[in-house]
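Data first, discussion second: the structure below is written as structure tokens.
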Amino acid sequence: MDKTMIYRKSLLLVIVLITCALSPFARASSLTGYPRTNRVKENINLNWKFAKDNEGQPTAVNFDDSGWQEVSLPHNPDPVSIWLDSATNHWSQKDFIRDKSWYRKEMIIELESNEKAFLEFEGVHSATELWVNGQHVGRYAVNGYIPHHFDITDFVESGKKNVIVVLADHSFDPTIAPDPHQSDYVRWGGIYRDVYLVKTNKLHVNFNWESMDAGVHITTPTVKKNNGTVSVKTTVVNEYDEAAECRIETMIVDADGYVLQKMKSSIEIPKGQSHSFRQTTEIEDNYRLWSPDSPYLYRAVSVIYLDNEPVDFIENKFGFRSIALVDGKGFMLNGEPFFMVGVNRHQNYPHIGDAVPNSMHYEAALRYKKAGMNAVRLSHYPQDNSFIEACDELGILLYEEPSTWVLWEQGEWMNKLEQSARVMIRNHRNHPSIVIWGAGINHRGPVPQLNNAAKEEDPYRLTASASSPWCGTQNAGVTDIYATMDYRRTQWPESDFCLVMEHGYSNNGLGMQFHISRYKKRNNNIGALLWVGADYNRLRENENKHDMFTEYGLQTAYRIPRPSYYWYKSEFADEPFVHIADESVYKNRKIHVYSNANEVALYADGKLVTTQNPDNDNLRNQNEHPSFTFNFDWKEEKLTAKALYNGKVRAEHSRIKVGAPYALKLAIDNSDLPLVAGGSDLKMLRAYVVDRNGEVVTDADERVSFSVQGAGEILYSDKSYIQKMQTYHGVATVYLKGASEAGEIKIKASAGKLKSRALLLNSIPFESDMTVANGVPIYDYTFHKIDLQNKGQLLQFGWTCIGGGDEESFSFDLDKSTFTVSGDSALNWRPGTWTMVGDLGYVASDGIFVKGGILKLTIKDLPKGRYKLKTYHHSFEKRKGKLYPYNMRVTLDDAKGDFEYVSDEEPVGIQSSSDIGERKPVSVTNFIESDGNSPVELTFQTDKDNAETWLNGLEFRKLK
């Protein structure tokens, strides 16, 4: 699947993955495999009214909000410059942007008598209070980084315009972490993640975070190389006034949409009660492991029936992967040692704070994946579902933790923190990307209360301590992993598995190489994560400092990669790669080059300077590809680095000494990923200051003006710091949002005497229906596995036995089609119960055969379409274990004529005294196109004279 397709699912999904509800809209039900049920999940991010602390009664239905600002969600009520304007608060942040924000929305809601309605919030800072039609629904004040919902069924006026009022209360609250304590990251406000209207039947699957057993919980008790088991626990609530006859059918669907297994359970649920269904099945066909190299995802799709009518539908993604800590080997992923390399991630961006759209969360994950990273710590709070989903799909391991920093206290504060940790786990427990839960206080180390809660909620993942060498426990304590900070050559405890959850940064990449190499020298060290993946806003530590954002991230706050980003690419790249660092790291006559080659040749104006190997020192000897350091006094020459692989040039990169600013280069970040209209989505629009050679002038000091025409606008265009955007590291970055309708957008950037630039792009329509936006067809085609045999023989597990004995032909029906086996000579059946040693031994041990000539399989009344047929042909001739390969001829009675297939699988031996290996039976796979009228005829014949031709069984399924 290409990255654009993955992104479209991530971008338009806007979905809580753990309870990924698929809608029964009439248009949605046309999607293949999607039933019509009562469940509706509608994104309601658009068309809100917003105001700060307001006089009057904003909760009243007839309140005049005509003077309020029109906004879309996610929304930051306090846009500021990257320098945080006039902020004077310290890290405790008791006053700065600690206020209340009001949001109002009118919408028509249709609600049947058998339905429930909920408002679901993915994240609100820091407490949420809700009114519907002037009535107070409730207040949620546990934590600002976790999802929650309100039941609004009794407040809705069906078929009429309903008034929804939300108070995002971001005032200082000493009971909601990380308040009242210090943190080095800004606590932003507002409704900063997605909001949904969810409608269900009164018999429905509840939200994951409601309780430990609520919602859907998927585990994979057995994960092997060739097969695994999956267990799905689904809790259904009956809110009727009488008992309900409930049936659940859960399908396990592969990445292509094919149903692999179907599990069915039934029970009567008393009124007002719930029942947790537990269903387990094995996966052997199309079984794939999930890993960063191959992030294969399945879907668990459950349909809830009330009196045999489908009333609810729920879908979750999952993957088969095993994790373990093994002394002497370290962290094991799918049974193999795995070393985590990556970064820490703060979710906020300049100006918009935490109000980051799903598309930008996806793009953030994509940048790390492009650099080859395989792990991210989500510091220091639970993060957006869309980022987690992106890591599932791209293949990045995650370490997620509740919202704390350094200080803590017992009582209500800790109890709320524990509750937020439980909600975090329930919300994200089905994601294969998450392998570690944080169970400590940052800097301070393991917290038994948090660790115990994590183990109760999810005993299948690891926990980490969040320690530091200067003020915390110096071991893992009750947690599984000693996760520590290492800025001082920290020593690791001999008896623990150690993860350096934070290590230092250097712009030329040498610091990262050192830390990663150092931690690789001990097997029980499991990873090294850089602090930090991208710069972020923070308040000053004390009155003597004015440090409003960091400047040591792998990317700038605007997500422009710094030079050392390219060392990570060289360390993990599969394809030949070479990169010369930009001018910001040229010091002491040193040129830094990153490559995965075993030699790099450096040229100046086409003349060879030198050819050398990667840097060779004890501080970096565990790296796969240490950087290359060339001693060269670079002045005006054009530098070219050529990557040599066994003496051959496979990649090269050139750089010219940066000159004076000459022009702008205008670009949309990740331009191949679309901008969604409506205002909820954003794209980062960049104007690079370049010289005459196109090199970015990283120290340029320019102010850039952006203008937009058509179906878009610049976010915060009324702000002075946006109107004349200051360049940072040679780039001016603003946010582009779409208009209410999709269309063409014309953009221009100018800056004084620099040459201006323009570009065009087209936005795509916003889709509120989550099924239409994200639905992937489900192909619930019967998958037939037929074991051909006579009575008294052993049946293959999971296969259907079909036997016969007709000497001339043998027929059986599958669905509406008739399969007939015949031959040039009499049909024979092998009796007995002995089996071949190996997989599918019972299939291979018996079957039908002819002693000479061809064996024919004819399929009549096969509906029009495409099919996959896999036939098994294992011979039990008494010829010293010799087995013959098979040629197969397929005849279709249509204009295409006859054609022949030959098996591309190697034949294997049969059981003999000299062959002790396990085997798979010989098989031939064919893809058949049926016109719906003509019979399909397949003939099998060995290519050896006087040899028997066998048919042991077959697998048959329709394809999309």
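Scope of the values below: all heavy atoms of this structure, side chains included, with no hydrogens, waters or symmetry mates. All figures in this text were calculated on a predicted structure; none of them were measured in a lab.
In this structure, the side chains of Tyr716 and Asn76 come closer than 4.5 Å at one or more pairs of heavy atoms. Counting heavy atoms from C-beta outward, Pro178 and Arg187 have side chains that approach closer than 4.5 Å. Taking the side chain as every heavy atom from C-beta outward, Val142 and Ile176 never approach each other to under 4.5 Å. At least one side-chain heavy atom of Phe387 sits under 4.5 Å from a side-chain heavy atom of Leu378. Taking the side chain as every heavy atom from C-beta outward, Ser379 and Trp531 approach each other to under 4.5 Å. Looking at Thr59 and Arg104, their side chains never come closer than 4.5 Å, going by heavy atoms from C-beta outward. Side-chain atoms of Glu122 and Val195, non-hydrogen and from C-beta on, never get closer than 4.5 Å to each other. Looking at Met212 and Arg426, their side chains come closer than 4.5 Å, going by heavy atoms from C-beta outward.
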query = Yes or no on ring-ring contact (aromatic ring centres under 6.0 Å, His included) for Trp413 and His181, after CA distance, side-chain angles and deciding distance?
reply = CA-CA 11 Å; Trp413 187 93; His181 307 298; 5.6 Å; yes
task = List the steps, then state whether side-chain hydrogen bond (donor to acceptor under 3.5 Å, both in side chains) holds for Asp392 with Ser433.
result = CA-CA 5 Å; Asp392 285 343; Ser433 58; 2.7 Å; yes
task = Applying salt bridge (charged side-chain N to carboxylate O under 4.0 Å, His left out), run through Glu393 and Lys317 and close with a yes or a no.
result = CA-CA 10 Å; Glu393 295 180 342; Lys317 293 180 180 178; 2.8 Å; yes
request  = Report the C-alpha separation of Tyr185 and Tyr381 in whole Å, then their side-chain angles, then the decisive distance to 0.1 Å, and conclude whether the ring-ring contact (aromatic ring centres under 6.0 Å, His included) test is met.
outcome  = CA-CA 11 Å; Tyr185 54 94; Tyr381 39 77; 5.4 Å; yes
ask   = Given Val40 and Val198, is the side chain to side chain contact (heavy atoms under 4.5 Å, CB included) satisfied, shown in steps?
value = CA-CA 5 Å; Val40 174; Val198 179; over 6 Å; no
task = In sequence, state the C-alpha distance, the side-chain angles, and the governing distance for Lys116 and Thr200, and then conclude on side-chain hydrogen bond (donor to acceptor under 3.5 Å, both in side chains).
result = CA-CA 5 Å; Lys116 300 281 294 180; Thr200 70; over 6 Å; no
inquiry  = I'd like to know whether Tyr728 forms a ring-ring contact (aromatic ring centres under 6.0 Å, His included) with Phe549, so could you lay out the CA-CA distance, the side-chain angles of the two residues, the decisive distance to 0.1 Å, and finally the verdict.
reply    = CA-CA 12 Å; Tyr728 183 67; Phe549 62 95; 5.6 Å; yes
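The aromatic rings of Tyr721 and His351 lie parallel to each other, with less than 30° between the two planes, well short of the 60° mark.
Aromatic rings of Phe155 and His136 (six-membered ring for Trp) have centroids beyond the 6.0 Å cut-off, not under it. In this structure, the ring of His125 has its center less than 6.0 angstrom from the ring center of Tyr145. The six-membered or imidazole ring of Trp102 lies away from that of Trp68, with a centre-to-centre distance of 6.0 Å or more. Two rings, from Trp209 and His428, have their centers 6.0 Å or more apart.
Side chain of Ser465 to backbone of Ala483: a donor-acceptor contact under 3.5 angstrom is found. The main-chain N or O of Tyr552 is found under 3.5 Å from a side-chain atom of Asp535 such that the two form a donor-acceptor pair. Proximity of a side-chain donor or acceptor of Glu457 to a complementary backbone N or O of Ala454 within less than 3.5 Å is not detected. Checked by atom type and distance alone, the side chain of Ser680 pairs as donor or acceptor with a backbone atom of Leu73 at under 3.5 Å. Between the side chain of Asp85 and the backbone N or O of Val80, no donor-acceptor pair lies under 3.5 Å. For Asp194 (side chain) and Asn45 (main-chain N/O), no donor-acceptor pair under 3.5 Å exists by modelled atom type. Of the possible polar contacts, none joining the Arg538 side chain to the Trp91 backbone as a donor-acceptor pair under 3.5 Å is found. When atom types are taken as modelled, the side chain of Asn430 and the backbone of Val216 share a donor-acceptor pair closer than 3.5 angstrom. A donor-acceptor pair is defined here as one N or O able to donate and one able to accept, closer than 3.5 Å; no such pair exists between the side chain of Asn162 and the backbone of Asn133. The backbone N or O of Leu530 sits less than 3.5 Å from a side-chain atom of Asn344, completing a donor-acceptor pair.
Note that NZ of Lys52 and CD of Gln69 are 10.5 Å apart. Values are rounded to the nearest 0.5 Å. Note: Trp48 CH2 to Ser72 OG = 11.0 Å, rounded to the nearest 0.5 Å. In this structure, CZ on Arg686 lies 10.0 Å from OH on Tyr558, to the nearest 0.5 angstrom. One distance of note links CG of Leu462 with CD1 of Ile434; it measures 12.5 Å at 0.5 Å rounding. For the atom pair Asp151 CG and Asn206 CG, the distance stands at 11.5 Å (nearest 0.5 Å). In this structure, the separation between CD on Gln57 and CG on Asn62 is 10.0 Å, given to the nearest 0.5 Å.
Between His170 and Ser126, the side chains place a donor N or O and an acceptor N or O closer than 3.5 Å (distance only, hydrogens not considered). With 3.5 Å as the limit, one finds no donor-acceptor pair spanning the side chains of Thr479 and Asn451. In this structure, a donor-acceptor pair under 3.5 Å is absent between the side chains of Asp213 and Ser211. Checked by atom type, the side-chain pair His380/Ser183 shows no donor-acceptor distance below 3.5 Å. Looking at Ser171 and Asp99, their side chains never bring a donor and an acceptor atom within 3.5 Å of each other. There is no side-chain donor-acceptor pair under 3.5 Å between Gln383 and Arg193.
Between Asp681 and Lys737, no side-chain nitrogen of the basic residue sits less than 4.0 Å from a carboxylate oxygen of the acidic one, so the salt-bridge criterion is not met. A salt bridge does not link Arg429 with Asp458: none of the charged nitrogens is closer than 4.0 Å to a carboxylate oxygen. Taking the charged nitrogens against the carboxylate oxygens, Glu120 and Lys41 do have a contact shorter than 4.0 Å, which makes a salt bridge. The pair Arg139-Glu129 counts as a salt bridge, with a side-chain nitrogen and a carboxylate oxygen less than 4.0 angstrom apart.
Nearest heavy-atom pair across Ala365 and Ala390 is CB-CB, 3.8 Å. Considering every non-hydrogen atom in both Ser717 and Ile722, the closest pair reads CA-CG2, 4.2 Å.
Among Asp354, Ile97, Asn348, the single residue meeting the side-chain contact (heavy atoms from CB on, under 4.5 Å) criterion with Val186 is Ile97.
In terms of the ring pair (Phe, Tyr, Trp, His ring centres under 6.0 Å) criterion, Tyr505 has no residue partners (sequence neighbours excluded). Applying the side chain to side chain donor-acceptor pair (under 3.5 Å) criterion to Tyr103, with sequence neighbours excluded, gives His75.
A cation-pi contact, defined as under 6.0 Å to the ring centre and within 45° of the axis, links Arg559 to Tyr349.
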Report all side-chain donor-acceptor pairs from residues 441-450 shorter than 3.5 Å, counting only partners two or more places apart or in another chain.
unit_1, atom_1, unit_2, atom_2, d
Asn442, OD1, Arg377, NH2, 2.8
His443, ND1, Trp470, NE1, 3.2
Gln449, NE2, Asn415, OD1, 3.3
Gln449, NE2, Glu418, OE1, 2.6

